[in-house]
Amino acid sequence: MISRVIDWYGDHQRDLPWRRPEASPWGILVSEIMLQQTPVARALPVWQEWLERWPTPQALAQAAPGDAVRAWGRLGYPRRALRLHAAATAIATEHGGRVPSDPDTLRALPGIGAYTAAAVASFAYGVRIPVVDTNVRRVHARAVTGAAQAAPSLTAAESRLAAELLPANPAEAKVWNVAVMELGALVCTAARPDCDHCPIARQCAWRSAGYPAYDGPTKAAQRWHGTDRQVRGLVLQLLRESHGPVPAARVDLVWPDDAQRQRCVASLIEDGLVDPLPGGRYALPA
DNA sequence: CATACGTGGTT
DNA sequence: TAACCAAGTAT
């Protein structure tokens with residue numbers, strides 16, 4: 001199964017800039033943060049801009065956090081931009097300007113969790129460690145476990161399985177990691193898996209079992225309209241698109257519910273995404 | 001461990 | 001059209 005997936009990857013992988021040999025660990029780290037819960041097509045142009053503007057962690061660390069938030073554009077979850085800026089600062093001041101290769105050291109940086117730490121260690125440095133994202137979990141669930149989809153959150157059994165499947169050779173492990181992820185992104189997709197073009201269709205436990213429906217617990221559906229997330233998004237959009245500080249009166253226009261809007265502005269300030277200025281004005285953090 | 005956290009394309 | 005989905009993290 002391993003060689004079939006790796007061979008398939010060799011023939012069908014997308015040409016993504018952060019996968020090229022010349023990609024720096026920093027470029028790979030930036031890509032991983034941007035790709036959290038965000039499609040490749042949307043992250044791609046923003047990644048290009050970021051790497052031109054801030055080619056090193058030091059370069060980003062010297063910028064204002066608000067510049068990072070503004071350059072994040074509409075990627076979503078703007079706290080990622082703030083945390084990436086904070087990570088760059090930590091890398092510049094505590095790690096000699098070099099992106100760490102040790103997963104535990106990476107994991108200690110802001111915005112870097114288990115997945116991103118493993119991804120950077122593996123993809124940037126060839127560290128032999130399982131990289132388990134939503135694509136990988138889905139492929140494992142189907143091909144090995146025989147379930148239509150993975151559990152709502154990563155289980156110990158899944159981590160064990162990923163560790164067992166990981167090739168012993170570090171270089172091979174790195175390709176395996178990215179290949180399984182790519183298979184999940186392009187073929188073994190959530191809604192309409194393209195089993196006719198899957199390199200391991202014959203070995204797939206889910207297919208062999210006749211595609212049984214998922215019976216486990218499902219994750220709660222996300223709401224959007226009328227939520228604080230929507231209001232926060234509107235406030236931040238206004239500040240991103242404004243050059244200087246914005247008067248409170250203008251912020252008031254983005255959402256009619258006073259209590260909710262004020263609560264959201266307060267939470268944005270709490271998060272460090274918004275700076276309250278004298279005179280009742282607001283701006284992205286300097 | 002469940003929930004909050006953006007955004008826009010696809011079904 | 002509402003729901004689902006996209007390389008998760010922090011609390």
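Numbered from 1 within each chain, the chains take letters A, B, ... in sequence-line order.
For the pair Arg80(A) (side chain) and Gln36(A) (backbone), a donor-acceptor distance under 3.5 Å is present. Judged by distance alone, the side chain of Arg19(A) and the main-chain N or O of Arg14(A) form a donor-acceptor pair under 3.5 Å. Side-chain atoms of Trp72(A) do not come within 3.5 Å of backbone N or O of Val46(A) as any donor-acceptor pair.
Between Arg261(A) and Asp258(A) there is a salt bridge, since at least one side-chain N of the basic residue sits less than 4.0 Å from a carboxylate O of the acidic one.
For the pair Asp271(A) CG and dT9(C) P, the computed distance is 17 Å after rounding to whole Å. Here dG9(B) presents its C1' atom at 16 Å from CZ of Arg192(A), a figure rounded to the nearest Å. Protein atom CH2 of Trp72(A) is 12 Å distant from nucleotide atom C1' of dT9(C), rounded to whole Å. For the pair Gln37(A) CD and dA10(C) P, the interatomic distance rounds to 13 Å; values are reported in whole Å. Remark: C1' of dA6(C) and CG of Asn135(A) are 8 Å apart, rounded to the nearest angstrom.
Among the heavy atoms of the strands lying under 4.0 Å from Gly76(A) is at least one base atom, whether or not backbone atoms are also near. Pro110(A) comes within 4.0 angstrom of the backbone, heavy atoms only, and of no base. Note on Ala114(A): only backbone sugar-phosphate atoms sit closer than 4.0 angstrom, heavy atoms only; bases stay farther off. If you check every strand for non-hydrogen atoms under 4.0 Å, Ile28(A) touches nothing. Across all strands shown, Arg263(A) has no heavy atoms under 4.0 Å from either base or sugar-phosphate atoms.
Distance from the side chain of Glu32(A) is smallest for dA7(C) among the nucleotides dG8(C), dC5(C), dA7(C). The side chain of Gln36(A) approaches dT9(C) more closely than any other nucleotide in the set dA10(C), dT9(C), dC5(C). For Arg83(A), the listed nucleotide lying nearest its side chain is dA10(C); candidates were dA7(C), dA4(B), dA10(C). In this structure, the nucleotide among dG6(B), dT9(C), dC5(C) sitting nearest to the side chain of Thr116(A) is dT9(C).
Taking every heavy atom of residues 221-236 of chain A and every atom of DNA chain B, pairs under 4.0 Å involve Gln222(A), Trp224(A), Asp228(A), Arg229(A), Arg232(A), Gly233(A), by number.
Along DNA chain B, the nucleotide nearest Ser153(A) and the nucleotide nearest Leu268(A) are compared for position; the residue whose nucleotide lies closer to the 5' end is Ser153(A). Along DNA chain C, the nucleotide closest to Arg19(A) and the one closest to Arg107(A) are compared, and the more 5′ of them pairs with Arg19(A).
Looking at Thr134(A), its side chain has no donor and acceptor atom pair within 3.5 Å of the base of dG8(C).
Nucleotides dA7(C) and dT3(B) place their P atoms 23 Å apart, quoted to the nearest Å.
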